Amino acid sequence: MPSAVRSSRGSSALRFGRFAAMGTVAVLILIAGVWASWGTAQHVMLTKGRERGTVEVTRCAEDACEGPFRPLSPGAQPREKVVLDDTVAVEKGSTYTVVLKPGGEEAVRSGPAGVLYAWVPLGGALLLASVVVAGGLLRTRAAWVMALAGAGLLTAAFVAL
């Protein structure tokens, strides 16, 4: 004779498993976003001891622009050519404030536009993780906060550039 009462142990174990799995996925997405952003953000945000200056873009290719570097910080040396890797919102003939990566030839944009652009991968990760948090963890308020933070960061970077 089948019992009309079901065991709640099985459903709570499944609920915990779903919570653990989706929580792990959301955390891994956010860690990947921070990891991808930090490669550039560390140079833009922690400028003490780094060479800061301006670059007047003289030539652009598909994935990089280059130009002469004029120092603004003490101890920085002028260079005939430095390379801006990402050509997002970089125009030939314009001058940009930059920070040189250690080694001296690669530059990243500095200032508010550079900081926001460096954190764009985190903005995308926040948007993606918000879907996991809403659908997998059923935490809609937290998901909305994450989605709005990610969208705000991406919008601010777009406007700043």
Side-chain angles (χ1 to χ4, degrees), residues 21-137 139-161:
M22 292 296 110
T24 301
V25 169
V27 167
L28 286 175
I29 290 169
L30 292 174
I31 288 172
V34 170
W35 187 271
S37 296
W38 188 246
T40 302
Q42 67 178 325
H43 302 294
V44 178
M45 296 175 69
L46 306 174
T47 60
K48 187 175 182 178
R50 299 192 194 273
E51 294 183 75
R52 296 183 309 269
T54 61
V55 171
E56 183 181 347
V57 177
T58 57
R59 186 172 88 69
C60 284
E62 284 183 23
D63 59 346
C65 290
E66 60 185 45
F69 174 76
R70 303 293 171 239
L72 294 176
S73 63
Q77 301 296 319
R79 290 178 172 74
E80 291 301 314
K81 181 183 97 169
V82 294
V83 177
L84 284 165
D85 282 338
D86 297 318
T87 60
V88 173
V90 175
E91 297 175 2
K92 185 177 174 182
S94 297
T95 302
Y96 302 98
T97 57
V98 296
V99 175
L100 293 183
K101 289 183 177 181
E105 191 171 298
E106 287 186 61
V108 291
R109 287 186 63 177
S110 63
V115 171
L116 288 170
Y117 182 66
W119 288 106
V120 163
L122 178 61
L126 282 166
L127 284 174
L128 182 59
S130 73
V131 174
V132 174
V133 169
L137 299 176
R139 302 287 189 250
T140 54
R141 285 185 185 153
W144 273 108
V145 169
M146 292 170 67
L148 290 173
L153 178 58
L154 294 173
T155 302
F158 178 76
V159 169
L161 290 174

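What you see below is based on every heavy atom in this structure, not just the backbone, and it leaves out hydrogens, waters and symmetry mates. The structure displayed is predicted, hence computed values, not measured ones.
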To the nearest 0.5 Å, what is the distance between [atom1] on [X] and [atom2] on [Y]?
X	Y	atom1	atom2	result
I29	T24	CD1	OG1	11.0 Å
L154	L126	CG	CG	8.5 Å
L148	L127	CG	CG	9.0 Å
T40	W119	OG1	CH2	10.0 Å
W38	L46	CH2	CG	4.5 Å
E56	E66	CD	CD	13.0 Å

Contact summary for [X] and [Y], nearest pair of heavy atoms:
X	Y	value
A113	R109	CB-NH2, 3.9 Å
L84	A107	CD2-O, 3.6 Å
V133	A142	CG1-CB, 4.2 Å
A36	P121	CB-CB, 3.8 Å
A157	V120	CB-CG2, 3.6 Å
G39	H43	O-CD2, 3.2 Å

Name of the residue among V83, V98, V90 meeting side-chain contact (heavy atoms from CB on, under 4.5 Å) with V55: V98
Within residues 93-108 or reaching into it, pairs that qualify as side-chain hydrogen bond (donor to acceptor under 3.5 Å, both in side chains) - sequence neighbours excluded: T97-S110
Counterpart residues, side-chain hydrogen bond (donor to acceptor under 3.5 Å, both in side chains), relative to R52 (two or more places apart): none
Side-chain (R70) to main-chain (P68) donor-acceptor, under 3.5 angstrom: no
side-chain contact (heavy atoms from CB on, under 4.5 Å) between V44 and V99, intermediate numbers included: CA-CA 7 Å; V44 178; V99 175; 5.7 Å; no
Trace of the side-chain contact (heavy atoms from CB on, under 4.5 Å) decision for V132 with L137: CA-CA 7 Å; V132 174; L137 299 176; 5.6 Å; no
